[in-house]
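Below is one structure; the comments refer to it alone.
Every chain is numbered from 1 and lettered A, B, ... according to where its sequence line falls, protein lines coming before strand lines.
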Amino acid sequence: MPPRKRARGPKNTTKAVQPASDNEDNSDTPIQRKGKRKIATASKSKGKVASSDVKDSPGKASYCHWLMKSEPESRFENGIDVKFGIKDLKALPDQTGCWDGVRNYQARNFMRDMKVGQQAFFYHSNCKEPGIAGLMTIVKEAYVDHTQFDKKDVHYDASSKPDNPKWSMVDVQYVRMLKRFVPLAELKKLHQEHRATGGPLKDMALFTRARLSVQPLTAEEFNFVLSLEEKDPL
DNA sequence: GCCAACGTTGGC
DNA sequence: GCCAACGTTGGC
């Protein structure tokens, strides 16, 4: 995201703008590792995505479940509080906000893949207890993130020009809290077990691509995580 | 196009 | 507050 953190969803939905022209880097396509740094990618997992996780697009995997990170606790960046937890989303008009401030190409590209009606987990990051708090749904597909042009905004990007915007956002609407908070620690433990046993969370992006603030889940991952709310905490 | 230096993410 | 991991930048 942003020059700094993950995204936060501001107050309201702004006027739509055409989907940015895109590119400059499609981190969405397989990227090889360069030098020592590897740039992960969505489509890298293409090969193993079950067909049920792939909709449309002949050549290209497309996910339909997501996890989006945001910080529920106050933290000041350039004097501005970047706090935006699930309660903040719920408090907005229509319980809907735009997920602005994403300043990472892979995360942006995932948002550009999102379709209206798809569901996303609201993940609380950089806080006392990180984990999945609730569910939201995509209510507006990717459009220009206006905060990139706002010098006052924490996520201002001087390198992005209005005639060729770099960054996009989607609108999300609160759906519900999970029946219980699902902590990162629990997911991590399951991930580790599943790596050994071949269980559903063995490749979960939360662990294999830890720093990605907007990430896809396969249907199997999504459903498994969702089923945890019915179970006792570990 | 490579890669070292730098900056950020985010758990702990 | 620390710092590992990793994404980005920019010189060459």
Side-chain angles (χ1 to χ4, degrees), chain A residues 1-9 20 22-45 66-86 88 99-113 120-134 145 147-148 153-161 164-169 181-195 201-217 225 228 233-234:
Chain A
M1 119 185 36
R4 217 127 198 321
K5 278 349 193 197
R6 14 283 129 202
R8 46 192 243 253
D22 174 281
N23 48 302
E24 50 242 336
D25 144 49
N26 358 324
S27 326
D28 226 7
T29 43
I31 291 183
Q32 27 321 41
R33 72 175 39 231
K34 306 174 138 174
K36 45 182 62 178
R37 282 234 188 284
K38 112 178 76 177
I39 299 186
T41 110
S43 14
K44 148 202 244 187
S45 24
W66 311 96
L67 178 148
M68 302 171 84
K69 301 179 182 177
S70 188
E71 301 183 55
E73 296 173 4
S74 283
R75 190 175 58 77
F76 290 85
E77 224 175 285
N78 308 329
I80 297 165
D81 193 353
V82 298
K83 167 186 188 302
F84 188 78
I86 193 165
D88 299 300
W99 205 267
D100 67 350
V102 171
R103 297 293 181 270
N104 168 283
Y105 290 114
Q106 295 177 64
R108 177 202 71 179
N109 291 344
F110 282 130
M111 286 201 297
R112 290 181 178 180
D113 287 341
F121 287 125
F122 195 123
Y123 177 90
H124 281 169
S125 68
N126 206 21
C127 57
K128 199 71 68 62
E129 195 175 27
I132 297 175
D145 177 348
T147 65
Q148 66 198 300
D153 196 277
V154 184
H155 307 299
Y156 173 64
D157 180 357
S159 73
S160 182
K161 302 303 173 199
N164 187 21
K166 285 189 179 175
W167 306 111
S168 303
M169 62 187 181
F181 182 84
V182 178
L184 175 64
E186 179 173 348
L187 292 168
K188 181 182 284 179
K189 190 170 180 200
L190 290 164
H191 166 66
Q192 283 164 353
E193 288 174 12
H194 291 188
R195 270 194 315 180
L201 300 192
K202 66 181 191 316
D203 296 320
M204 193 181 186
L206 193 56
F207 306 103
T208 59
R209 325 216 1 224
R211 297 179 50 194
L212 242 199
S213 66
V214 174
Q215 41 182 265
L217 285 84
V225 171
L228 295 175
L234 287 192

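Atom pair A/N104:CG and B/dG7:P shows a separation of 18 Å (rounding to whole Å applied). Regarding A/I132, its CD1 atom lies at a distance of 15 Å from the C1' atom of B/dG11, rounded to whole Å. Nucleotide C/dT9 holds its P atom 6 Å from the NZ atom of A/K166, rounded to whole Å. Atom NZ in A/K69 sits roughly 7 Å away from atom C1' in B/dG10 (whole-Å rounding). For the pair A/R75 CZ and B/dG10 P, the interatomic distance rounds to 10 Å; values are reported in whole Å. Spacing between atom CE of A/M68 and atom C1' of B/dG10 amounts to 18 Å, rounded to whole angstrom units. Summarising the geometry, the separation between CZ on A/R103 and P on C/dT8 is reported as 13 Å, rounded to the nearest angstrom. One atom, CD of A/E186, and another, P of B/dC12, lie 14 Å apart when rounded to the nearest Å.
With sequence neighbours excluded, the residues forming a side-chain hydrogen bond (donor to acceptor under 3.5 Å, both in side chains) with A/Q148 are A/S160, listed by chain and number.
Considering only side-chain atoms of A/Y105, the nucleotide from C/dA5, B/dG11, C/dT8 that sits closest is C/dT8. When each of C/dC6, B/dG10, C/dT8 is scored by its nearest atom to the side-chain atoms of A/R211, the top-ranked nucleotide is C/dC6.
Residue A/Y123 has a polar side-chain atom (N or O) positioned under 4.0 Å from OP1 or OP2 of B/dG11.
Between A/R75 and A/E77 there is a salt bridge, since at least one side-chain N of the basic residue sits less than 4.0 Å from a carboxylate O of the acidic one.
Between the side chains of A/S74 and A/D81, at least one donor N or O lies within less than 3.5 Å of an accepting N or O.
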Test log, rule side chain to side chain contact (heavy atoms under 4.5 Å, CB included), inputs A/F181 and A/H124: CA-CA 10 Å; A/F181 182 84; A/H124 281 169; 4.3 Å; yes

